[in-house]
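Everything below concerns the one structure shown next.
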Protein chains: 2
Amino acid sequence: MVIARCEVDYSGRLDAHLPPATRLLLVKADGSVLVHSDGGSYKPLNWMSPPCLLTETPVATDGIAAEWRVENNAGELLRITLLEILSDTSVDLGTDPGLTKDGVELHLQRLLAEQTDRLGLGWRLVRREYPTAIGPVDILCRQSAALAVDAAPDEGVPAARPTVDDLDHVADAVPEPEGGAPGARHLAVEIKRRATIDAVEQLTRYLDLLNRDPFLRPVRGTLAAQSITPQARTLAEDRGIRCLVLDYDEMRGIDNADERLF
Amino acid sequence: MVIARCEVDYSGRLDAHLPPATRLLLVKADGSVLVHSDGGSYKPLNWMSPPCLLTETPVATDGIAAEWRVENNAGELLRITLLEILSDTSVDLGTDPGLTKDGVELHLQRLLAEQTDRLGLGWRLVRREYPTAIGPVDILCRQSAALAVDAAPDEGVPAARPTVDDLDHVADAVPEPEGGAPGARHLAVEIKRRATIDAVEQLTRYLDLLNRDPFLRPVRGTLAAQSITPQARTLAEDRGIRCLVLDYDEMRGIDNADERLF
DNA sequence: TCCTCTAGCTTGGAC
DNA sequence: GTCCAAGGTAGAGGA
């Protein structure tokens, strides 16, 4: 960990230059180097990721304390000219036990898989991460037309909860395809924390593919997210894809309430 | 800049926890905090970006040296429990003169705009960053059918240079749309360093839009990149989008050669 | 402000 | 290895 007035040049995926200034140079145990200024973001001004090799060449030239060359095996080079070293400390931190995370897309997926009534009446989970040739669909649900009508009164779903138009799901008269499972329809759900146009494109690709399968079609799509950009919503609705805004806290609360009940 | 055995909890967009271990804590001038371990990448294990507020509450409890709370106005909280402080230094670095970069997508765009013969015979630059309702198209070119045929022998283009099939561009008999500029066609070019499926979707959206303009259509598409993933290539070709692999060094070399000639 | 797109993205997982 | 998808993506730039 060095604080020094320095000049930095990176040459690799692009070329970048830092004029002389006082900066913090972090050399990690694996030889990787970070060049930080006293502001900006968590991203260094310049860096070299491991695996890489740091070589120090002391320089006799006036006004230059030393020169570091940090290279990796892809031919990228970070050259640091140390003009004046203000501080140089070294500590052994040991290996870190690591970070545990909670609350990302996966958690939303699990919750929604347990709360399929949010998707409309009569939908039952087929599986999460339903595999296709172009990747897994987050959630695939199935609805038997007969079941849906019968089941609706018994579902015990609070009328206010579902955000999409249930009646539309139930009442739509979709012709049965030949070869398809009689009376069955499917729903592919794409889940995002923030849904942008990309999410709509992704779901569209899945729907195109799934609707080629006579045992699945007709397959509808729902885009479920904590937030949906207006453009994504417009594109989705233009393609007949439903939008469902998820309230993470509410879903988690219901999940906890369920746990308390059983 | 503190080195300490510490425990860290982040609560905000997700929840994350770091068990007790010795780590480097960087507090920048703007109050932002980075928690680094002695390895991994340039990304901290945990952090809080500016603008945020750091408050330190000294704790009398045995085995706890202090507690930091770093909050931002979005309600995110980073809580750091300092169990043992091994080092605590402070330096004023001043403001950084900043980083200069060169060689990213913008540079590829400029070079290709000067070397439109790589796109096929007869294409002339209309403009870079051609504005549309859904964002700027990297490069838009124009080809007068008459000009293209007349101009071909005079272009002085080395036969080996263009990577796409020129004859295809010139010889295709595309019917003139009513209301379109007579004899003109356009080419929309999407440039990427690495082209994935996303790039194809992006270009497809542009093409859909541009082809609604009677003064532009017919508009073709070319995906130009230093590398193109196989899936992107397949999807692009399936949609009639040409793929062009760019050699950055070669393009830069030709650029330099041009400079030497004039 | 929101939304878009780029990034030396990084990183993890599947194949 | 290559490719895809997610990220507390961050950050710049334009409407």
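This one's a predicted model, so the numbers in the text were calculated from it and none came from an experiment.
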Quick check on D/dA10: is either OP1 or OP2 less than 4.0 Å from any side-chain nitrogen or oxygen of B/R13? yes
Would one find a side-chain N or O of B/Q202 under 4.0 angstrom from OP1 or OP2 of C/dT4? no
Could you tell me which residues satisfy side chain to side chain contact (heavy atoms under 4.5 Å, CB included) with B/D198, sequence neighbours excluded, listed by chain and number? A/D198, B/T196
Rounded to whole Å, please give me the gap between CG in B/L235 and P in D/dA5. 11 Å
In whole angstroms, how far is the C1' atom of D/dA5 from the CD1 atom of A/I191? 15 Å
A/E201 CD to C/dC5 C1', straight-line distance once rounded to whole Å: 15 Å
Roughly, in whole Å, what's the span from OH in B/Y206 to C1' in C/dT4? 8 Å
Run the side chain to side chain contact (heavy atoms under 4.5 Å, CB included) test against B/V2 and tell me which residues pass, sequence neighbours left out. B/A4, B/L25, B/W68, B/L82, B/I85, B/D88
Is any NZ, NE, NH1 or NH2 atom of the basic residue among B/E201 and B/R239 found under 4.0 Å from an Asp or Glu carboxylate oxygen of the other? yes
Nearest whole Å is fine: how far is D/dG13 P from B/Q109 CD? 14 Å
When rounded to the nearest 0.5 Å, the distance separating CD of A/Q109 from CG of A/L246 is 11.5 Å
Rounded to whole angstrom units, what separation is found between the CD atom of A/E129 and the P atom of C/dG13? 13 Å
To the nearest angstrom, how far is A/R205 atom CZ from D/dA5 atom P? 6 Å
What residues, two or more places apart in sequence or in another chain, satisfy side chain to side chain contact (heavy atoms under 4.5 Å, CB included) together with B/T81? B/E7, B/I64, B/E67, B/R79, B/L83
Side chain of B/W47: nearest nucleotide among D/dA10, C/dT6, C/dG8? D/dA10
Tell me which nucleotide among C/dC5, D/dG8, C/dG8 gets nearest to the side chain of B/N46. D/dG8
Report the residues that fulfil side chain to side chain contact (heavy atoms under 4.5 Å, CB included) with B/A188, sequence neighbours left out, ordered by chain and then residue number. B/V137, B/L140, B/L203, B/L207, B/L210, B/V219
Are the ring of A/Y42 and the base ring of D/dA10 both nearer than 5.5 Å at their centres and tilted by less than 30°? no
Taking only N and O in the side chain of B/K43, is any of them less than 4.0 Å away from OP1 or OP2 of D/dG7? no
Just to verify, what does A/R233 make a side-chain hydrogen bond (donor to acceptor under 3.5 Å, both in side chains) with, not counting sequence neighbours? none
Taken to the nearest whole Å, CZ/B/R128 to P/C/dC5 is 18 Å
Gap in Å between the two P atoms, one belonging to C/dG8 and one to D/dA5, rounded: 22 Å
Report all interatomic pairs (protein N or O, nucleotide N or O of nucleotides 1-4 of chain D) with separations under 3.5 Å.
unit_1 : atom_1 : unit_2 : atom_2 : d
D/dC4  : OP1    : B/T229 : OG1    : 3.3
D/dC4  : OP2    : B/T229 : OG1    : 3.1

